[in-house]
Structure formats: C-alpha cells, structure tokens
Amino acid sequence: MMTGVRFWAGLASVVLVNIVLSGDNALVIAMAARGLPPRQRRWAMIAGGAAAIILRVLFTALAALLLTIPLLEAGGGLVLTGIAAKLLREEEGTQVIDAAGSFLSAVQTITLADVVMSLDNMLAVAGAAQGSLLLLGLGLLLSMPPILIGSDVLARLLNRLPWLVAVGAVLLTITGARMVANDPLVAARVPDSLATPFLIGVAVGLTALAFVPATWRWWRQRRTATRAISHQAPSHD
C-alpha cells in the first residue's frame, strides 16, 4: 500500500492526466446538457459525471481484458459518431437538443459518451494510478470538479453561440475517427505509409455520417416552413 509522498504524487498524477485527457469529455457534457435549465444542467452534469466515474474505475481496472476484445475501440468511435449526430438534432429556431430534452436523457448521453471516450485513455489513467483502485477512484473524483466547471462554461457559450454545436460535433467525430484508426485490429491492417490518409478519410466519412441526417432534417424543415408561408400569403386577384 502506498503511503506519504508516493501516494500524494500518484494522486496528483491521476488528477492531472485525467484533466488533460478530458477535453473532449467536457465538450460532450456541455453539448448534452446545454438545453436544460441552469439548475437541472448542473445536476445532470454531476449525475452523469458520477456515473461515468464509477464505470471508468471499473473499466480501467479491467483495461487489460477489455483491450483484448476485437474492434472494441473502433466500435466506441462509431458510438461517439452516433452521439455527435444525436446532439446535432435540433428543432429549427430553438436551442433544445433531443439528447438534452430531459434530465435523464442528458445524464445517459453524458455517461455513455464519457465512458466511450475513456476507452482511448484508460491505459494512461491506469498507469498513473500505479495499480491502486483507491488512487484511481480518488483521482477521478478530484478531477471531476474542474472538468464540470469547464463544461458549465462551455454550455453557456454554446447557448450564446449555437453554431458552435456544429464545431463540437466535428471535434467529436474526429475523436471517433482517431479511435477507429487506433484500434489494434484496424491499425494492424493499415500500412504505416497510409496511416495519416486513412485517419483523414475516416474522419471525413464519420463527419459526413453525423451531419447528413441533421442537414436533411434542416432542409425538410426549411421546405415545410417555406410552403407554410406561401400558403398564408394573401392572393391578389
């Protein structure tokens, strides 16, 4: 059991590593919760973050086993793309996202996205914890307040500048593409000389996959609105 300086140094390492690697997590938390009222938004962030911590401790403890599952990381990247597409679903003229239309839905989205993105960095966090579940749990718990504070600031910014949601969705799909490209089973079949073009191609493909449904819905809403206006226009006989 670690004591004294070694324990505190390990704890600081887990906190710093998790904060540094959780930029994407803060973004998706903000995107999922931004449509809720301020009080519900804070509690959704806290509840989703707490659930993600519990699952992250479990997954990190089982990292060696999980990483042997074929295409697990690639599957996580595709799930993250689905989350990005879900967060893009907005009613035209409003700032309510389906994923954040209810408290429970926002918590579910935050938890799922946080766990999926943690597949990409669980080894780094596990290494910083030096095999101690106590250190891992405490470190993740202490690192959540700054992440949640950053998420709240991002949520406020997204409410002021809704177009940033699209930017956030692009960043999430890029993260998903990196997860697909870095999956051991996928990477082993891509020559080193083609690694960068492959990553770019996957990123472009996943971004299109996330944006095409949202763009189609936007076009249909605009067409419906245009028809409604034309029907309401007075005729001049």
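Bear in mind the structure is a predicted one, so any value in this text is a computation, not a measurement.
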Say whether [X] and [Y] are linked into one hydrophobic cluster, either directly or through other cluster members, by side-chain heavy-atom distances under 4.5 angstrom.
| X | Y | answer |
| --- | --- | --- |
| Leu88 | Val212 | no |
| Val204 | Leu78 | no |
| Leu154 | Met144 | no |
| Leu55 | Leu72 | yes |
| Trp43 | Leu141 | yes |

Q: Side-chain contact test, heavy atoms from C-beta onward, threshold under 4.5 Å: evaluate it for Gln108 versus Leu112 and give yes or no.
A: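 When only atoms from C-beta onward are counted, Leu112 and Gln108 do not touch, as no gap falls below 4.5 Å.
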Q) Are any of the side-chain heavy atoms of Thr111 and Asp114 separated by less than 4.5 Å? A) no
Q.
Determine whether a donor-acceptor pair (N or O, by modelled atom type, separation under 3.5 Å) exists between the side chain of Asp183 and the backbone of Glu73.
A. yes
**Q.** Arg34 backbone acceptor or donor facing Asn159 side chain under 3.5 Å
**A.**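 Present.
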To the closest 0.5 Å, what do you measure between [atom1] ([X]) and [atom2] ([Y])?
| X | Y | atom1 | atom2 | result |
| --- | --- | --- | --- | --- |
| Arg160 | Leu158 | CZ | CG | 12.0 Å |
| Phe198 | Arg189 | CZ | CZ | 11.5 Å |
| Ile54 | Leu140 | CD1 | CG | 11.0 Å |
| Phe211 | Leu206 | CZ | CG | 12.0 Å |
| Ile110 | Met45 | CD1 | CE | 6.5 Å |
| Leu199 | Ile174 | CG | CD1 | 8.5 Å |

Can you see which heavy atom on [X] is nearest to which on [Y], and at what distance?
| X | Y | result |
| --- | --- | --- |
| Val186 | Ala74 | CG2-CB, 4.3 Å |
| Ser105 | Lys86 | OG-NZ, 4.3 Å |
| Leu36 | Ala106 | CD1-CB, 3.8 Å |
| Val107 | Ala47 | CG2-CB, 3.9 Å |
| Thr109 | Ala32 | CG2-CB, 3.8 Å |
| Val116 | Met179 | O-CE, 3.2 Å |

(Q) Leu80 vs Thr173, test: side chain to side chain contact (heavy atoms under 4.5 Å, CB included). Steps then yes/no. (A) CA-CA 7 Å; Leu80 192 58; Thr173 56; over 6 Å; no
**Q.** Worked check of side chain to side chain contact (heavy atoms under 4.5 Å, CB included) between Leu87 and Val28
**A.** CA-CA 9 Å; Leu87 293 172; Val28 78; 3.8 Å; yes
Q: Under the side chain to side chain contact (heavy atoms under 4.5 Å, CB included) rule, what do Leu148 and Ile29 come out as? Steps first, then yes or no, please.
A: CA-CA 8 Å; Leu148 295 180; Ile29 290 171; 4.2 Å; yes
Q: Could you please spell out the steps behind the side chain to side chain contact (heavy atoms under 4.5 Å, CB included) verdict for Arg42 and Ser151?
A: CA-CA 9 Å; Arg42 285 191 291 271; Ser151 299; over 6 Å; no
